[in-house]
Protein chains: 2
Amino acid sequence: MQKQPTIRDVAQAAGVSVAVVSRVLNPGSGPVAAATRGRVNDVMKNLGYHPRTAARELKYGPPTTLGLLLADVSNPFFARLADQVVQEAHSRGIQVLLMTTQEDDQLESERLATLIERRVSGIIATPTGNNLAIWKQLQDLGTEVVFVDRSIPSLPEVDVVSIDNFESARSATAMLAAHGHRRIGIISGPASSTTGRDRIAGYRQALETAGLEQDELLIRHAAFRGPAGGDAASALLSIEEPPTALVVANTAQVTEVLRRLSHAGIDIPGTLSVIVFEDSPWTELVTPALTIVRQPIDLLARHSVQLALSNTQGKTSGKPSVIRVAAELVERSSVARLQLAK
Amino acid sequence: MQKQPTIRDVAQAAGVSVAVVSRVLNPGSGPVAAATRGRVNDVMKNLGYHPRTAARELKYGPPTTLGLLLADVSNPFFARLADQVVQEAHSRGIQVLLMTTQEDDQLESERLATLIERRVSGIIATPTGNNLAIWKQLQDLGTEVVFVDRSIPSLPEVDVVSIDNFESARSATAMLAAHGHRRIGIISGPASSTTGRDRIAGYRQALETAGLEQDELLIRHAAFRGPAGGDAASALLSIEEPPTALVVANTAQVTEVLRRLSHAGIDIPGTLSVIVFEDSPWTELVTPALTIVRQPIDLLARHSVQLALSNTQGKTSGKPSVIRVAAELVERSSVARLQLAK
DNA sequence: ACATAAAAGTGTACCGGTTCCACTTATGTT
DNA sequence: AACATAAGTGGAACCGGTACACTTTTATGT
């Protein structure tokens, strides 16, 4: 373990001043003779010198780090989002600090505290919905905050990137109705989440347009974590007049719900048609192949990173950006066409 | 966007010197009167002061950041590894910088360069297999390097955490043999990877013990990315005497292989028995439920983080640690018991 | 040959914390 | 009452880069 060489070591070894070395390090910051530049570069290589980011950041906290705050990364949706965000950030020379909250307010606030101390230039997050004061503070501090997939209504001045939840749920439900289903159930995220609420709203709209009765028993909210999804599925199946079709609109709970249905021996789509909000390769592998609402994760990532970095460019425009990307309905085999008993 | 208060602002507002504020910030670094401490804390809260990590790190680069360098995070195996690593690190107050290489040497070297500049205290990585010089340099610099899931034989002095690939492949193959299969195929990682080679070796060992003929046609290597897995599956099925059982030992390619089998209309386990190295919830949802080799990802994560942080404790012991954790065989329904035509 | 401008290079303050050392005041001992 | 000791606090150097203001060297024009 060697002692790390500093810029002064390099300067001395190359017989120049530290200012010159700094210029070599930051092309364009001042003139350096070609010969000198070569000599300095050689010395740096020989000494194994690497400028220290911490020292650099001290002068002007440069936008070289981005915080990515997700519920958890074992969820394939978030995993793929993380992957895309990291790639997108790297392509711009930005590093990503990954943190997870487990949907826990307390953990979220701790993570945010460390992000503040690190003076990250931007944060891309799926907020739990609390910690309002901290989010506000972050914005006051000049940190660019972008909520992805969800938002917090009481924080209207934060940028948001998500799919069009209302429209996605509406079209999924409308498709089921068009296939002759009259009792359509939905399992969505918690009522406290905008995602959950918007999807329910889209669902209602579709029912209304189709002239179908709305039954509150068919609407279930499930927490993002834990066994809630499975319980909701069981509950839906045990009501007096069970649904013939189900929209699983809580991405985090998709596998949980399907496992419960499978264990209950429900025939899909014979007994129950299913459409899920999820886009992983495996949805095509199960039998029957699942009809899905595909989230364009790459677009979510691209827009999020762009917004999170936008303050650098000087987006002084005040107005928060709200970007909604369209989700795509991919029909496969888990939805049955019913005979209309009219 | 306020101007960020510094420690000097706090000191002035509280009517004390910066040294005192620093002591309040770092309990145990020196005596502070209770009254003063309270006053300083109040001022910090009022001013919204947060100490800046970059400045702190400048003095002694403290082990507060860890680099996690993976191929990609969209792969569920890596995603869950990332999730566990992040949780494990957070529980120790460490942050994780996530980077991906896409299995690309060039990208890997760039990522490593930035990790060097950041002076991270440790790196947990799935190495591509190249960039030997950089890995060496990192170790010389005192960075704790831990390879997870794979290793590089020509870098024997690096810590490694992985499952016991040899034993896992051996027991999986042995199980198939015990079920009466005589033509057993295997799709493993590239021959250049230790993972791939070890699994093949375990497979061979099992065949030998079972007294089965080894046919090179039944052994396929597939790159971690791209369509290689699917092609390998197709190739296996089109040989003269195709296998009746298949070990899919390339975690990254599992879905690719299964998709190809499914599209080819192969009956599992009727025509082909399948056992896969994978442990995601969905393996239970497909029909038939897959028999799997489960990787204890939480253990991999825990050990990796521990090793990556061990240099702090002063593990001057020289010898690199090699930790192999056992994988678990979970029998479900994708393996058929054959009549022995003896 | 000389004025003059451009290029190359240097010295040093600064970023925001941490920490060593010196100093003052309170407490305890005999 | 005299003095040793400890608690509380302040001053300033330092970490490793960056950049401004300034000096020295080299190139250009007539």
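Values reported hereafter were calculated over all heavy atoms of this structure, with side chains retained and with hydrogens, waters and symmetry mates removed. Lettering follows sequence order; numbering is per chain, from 1. Everything quoted here is computed from the prediction, not taken from an experiment.
Salt-bridge formation is not detected for the pair A/R119/B/E57: no Lys NZ or Arg NE/NH1/NH2 atom is positioned less than 4.0 Å from an Asp or Glu carboxylate oxygen. Salt-bridge annotation for B/R225 and B/E103: absent, with no side-chain N of the basic residue lying under 4.0 Å from a carboxylate O of the acidic one.
Here the nucleotide nearest the side chain of A/P31, chosen from C/dA8, D/dT9, D/dG16, is C/dA8. Taking only side-chain atoms of B/L58, from C-beta outward, the nucleotide of D/dT9, C/dG9, D/dC15 with the closest atom is D/dC15.
For A/T36 and C/dG9, the shortest distance from a side-chain N or O to OP1 or OP2 is below 4.0 Å. Here B/S17 reaches the OP1 or OP2 of D/dG10: one of its side-chain N or O atoms lies under 4.0 Å away.
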Reading nucleotides 18-28 of chain D from 5' to 3' and marking B where a protein heavy atom lies under 4.0 Å of the base, S where only the sugar-phosphate is that close, and - otherwise, the string is BB-B-------
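In this structure, CD of A/E57 is placed 12 Å from C1' of D/dG17, rounded to the nearest angstrom. To the nearest angstrom, C1' of C/dG17 lies 15 Å from CZ of A/R118. The nearest whole Å value for the distance from the CZ atom in B/R39 to the C1' atom in D/dG8 is 12 Å. D/dG16 atom C1' lies 15 Å from atom CD of A/Q12, rounded to whole Å. If you take CZ of A/R52 and C1' of C/dG16, they are 14 Å apart, rounded to a whole angstrom. Separating the CZ atom of B/R37 from the P atom of D/dA7 is a distance of 13 Å, rounded to the nearest angstrom.
In this model, a donor atom of one side chain and an acceptor atom of the other lie less than 3.5 Å apart for B/Q87 and A/Q102. For the 3.5 Å distance criterion, the side chains of B/S162 and B/R324 qualify, holding a donor opposite an acceptor.
In this structure, A/D105 CG and A/T128 OG1 are separated by 4.0 Å, a value rounded to the nearest 0.5 Å.
At most 12 heavy atoms of other shown residues, nucleotides or ligands fall within 6.0 angstrom of atom CD in B/Q12.
Within the nucleic acid shown, A/V20 comes within 4.0 Å of at least one base atom, counting heavy atoms only.
For the ring pair (Phe, Tyr, Trp, His ring centres under 6.0 Å) condition, the pairs that include at least one residue of residues 124-147 of chain A, sequence neighbours left out, are A/W135-A/F147.
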